[in-house]
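Small disclaimer: the values here were computed from a predicted structure and weren't measured.
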Amino acid sequence: MMYDWLYNATGSEVIAAIIQSLMPLFLFLLPFALFAVLLERKVSGHMQDRLGPMRVGYHGLLQTIADIIKLIQKEDIIAASNDKKFFNLSPLIVFIGSYAAFAAIPFSGAFLGSNIDLGIIYIVAVTGIVVAGILMGGWASNNKYSLLGAMRSAAQIISYEIPTLLVVVTVIMITGTMNLYTMSEWQTEHFWNWLILGGPVFGIQKILLIPLMIVSFLIIFLSTLAEVNRTPFDIPEAESELVSGYHTEYSGMKFAIFFLAEYANMFAISVIVSALFLGGFQSPIGYVGNLFGLPWLIPFEQFFWFAFKGIFFVFVQMWLRWTLPRFRVDQLMAFCWKYLIPFSFVILLIVGLITVL
Amino acid sequence: MLTEFGKVFAFILTAILFVIIAVFAAKLVRPARPTKEKLTTYECGENPEGSPWVKFNIRFYVVALIFLIFDVEVVMLIPWALVYQEGGIIGFLVGAIFLILLGLGMAYEWRKGDLEWARPDIAPPKLNNTEPPEQEKEPELSLVE
């Protein structure tokens, strides 16, 4: 584990914990956000038969850096009628909610922020803080679009949390643990041991679980997609109706923080779904390090697979954005309450029966 | 001895410090030239009309209430999900009865129409239309809102 190594190197637990908490942000999240913003614009462009950003750097590679320089120089306008205290607090709370989730996500076999036993439940709980931040921002903006967006966003996030939780409970029933690291280790290194294909225990139970797990995977992917307000569930920031939802009034660095939190959330849900159902950091085809007897290579390979799965699902989210139209608000609620929740209920009961018998 | 929650706290602290430092660093670079026009609330270029802090659709609160019930019950399911296999079929039935009660509650809400977002249509009362309508009757009497 990285923490033990840092502890031995620095000799202090507090310093080791602080260095460790800085690493995902600076070594992974910020470079990822740079890359993902460009990827989103390129993917959008190519799906609409245009090229996307082309001017800054080779094929627009430096576009995001130029955007950041622009954002830093922008004036930070706080309108006269805003509720300034909450207006300034909102980006902070949104970012805390999305970054604290990374504490329990295993990046590879050798890097895990906190090996907390609550694992997945902790993540669900801490991302719930984001709702408070969004409502705060929408209310304090004193703007009709912001308030509408924030209210819609809150209703949507809390509704879709229930199918997410029910699927999570189903997974806990099968694996018997809430710790994401143990869960990923349990789905050992070949793809037929992943939970979406019934887990590593062979027998009749595995065959019965496969269809249920595929449906559960779809349910949790769709409902987490709704929780981060991505298309087709993006009514909270529907550009054509609400300008840009709860962050209409924000500008400059605070807007950038919201943007960063959104990309962090996109990546977080992708890796959480992959840790639950697709083996997390485990390789689908075995490790090169094992093949050649190089054990130090394995953590790097695991990190590669972790990032690969995460970025693949981020790409799927972008793909869906340009494929599906936006839901209407009543369709969105009906889809959650009348389809996803009953289905996940039934799956939970059937899985309970299968695992007991 | 630093516990696992201590490491979580380090993450939260990092998030707080990152946001504060980023906002203050931008404050050193950015211009600040507020004018009266800039400080009005954005409303597509018009002058803001009235307060946005208005009464909201009751549906949002109904959704929040239903969510609260479900969320608490799912939280109660989590300890059960970790240990029910030790109790065998009895252990499963304990949770299943709980879940079925929850399902019945949900069916009741569904039947009552609390899961409908759009306002349910008011059904127009059936009129006895066997006779041809008289000339004096007002034909545009609509009972549907």
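Residue contact with chain B, scored on non-hydrogen atoms closer than 4.5 Å, involves the side chain of A:Leu25 exclusively. Within the 4.5 angstrom heavy-atom criterion, only side-chain atoms of A:Glu249, from C-beta onward, approach chain B. Only the side chain of B:Phe60 comes within contact range of chain A, judged by heavy atoms closer than 4.5 Å. Contacts of A:Thr177 with chain B are made by backbone atoms alone, with heavy-atom separations under 4.5 Å and no side-chain atom involved. Neither the backbone nor the side chain of A:Gln331 has a heavy atom closer than 4.5 Å to any heavy atom of chain B. In this structure, chain B has heavy atoms under 4.5 Å from both the backbone and the side chain of A:Met151. For A:Leu332, no part sits under 4.5 Å from any heavy atom of chain B, backbone or side chain. In this structure, chain B has no heavy atom under 4.5 Å from any part of A:Leu71.
Top candidate by heavy-atom pairs under 4.5 Å with chain B, chosen from A:Ile257, A:Leu348, A:Ile162, is A:Ile162.
Here the closest non-hydrogen pair linking B:Arg30 and A:Ile72 is CB-O, 3.6 Å.
Shown here are the side-chain contact (heavy atoms from CB on, under 4.5 Å) partners of A:Val126, two or more places apart in sequence or in another chain: A:Ala100, A:Ala101, A:Tyr122, A:Ile129. With sequence neighbours excluded, the residues satisfying side-chain contact (heavy atoms from CB on, under 4.5 Å) with A:Lys144 are B:Glu43, B:Glu49, B:Pro52.
Although no hydrogens or angles enter the test, the distance criterion places no donor-acceptor pair under 3.5 Å between the side chain of A:Ser114 and the main chain of B:Phe5.
Using bins of under 30°, 30° to 60° and over 60° for the plane-to-plane angle, the ring pair B:Phe18/A:Phe95 lands in the tilted bin.
The shortest side-chain heavy-atom distance between B:Ile78 and A:Met178 falls under the 4.5 Å cut-off.
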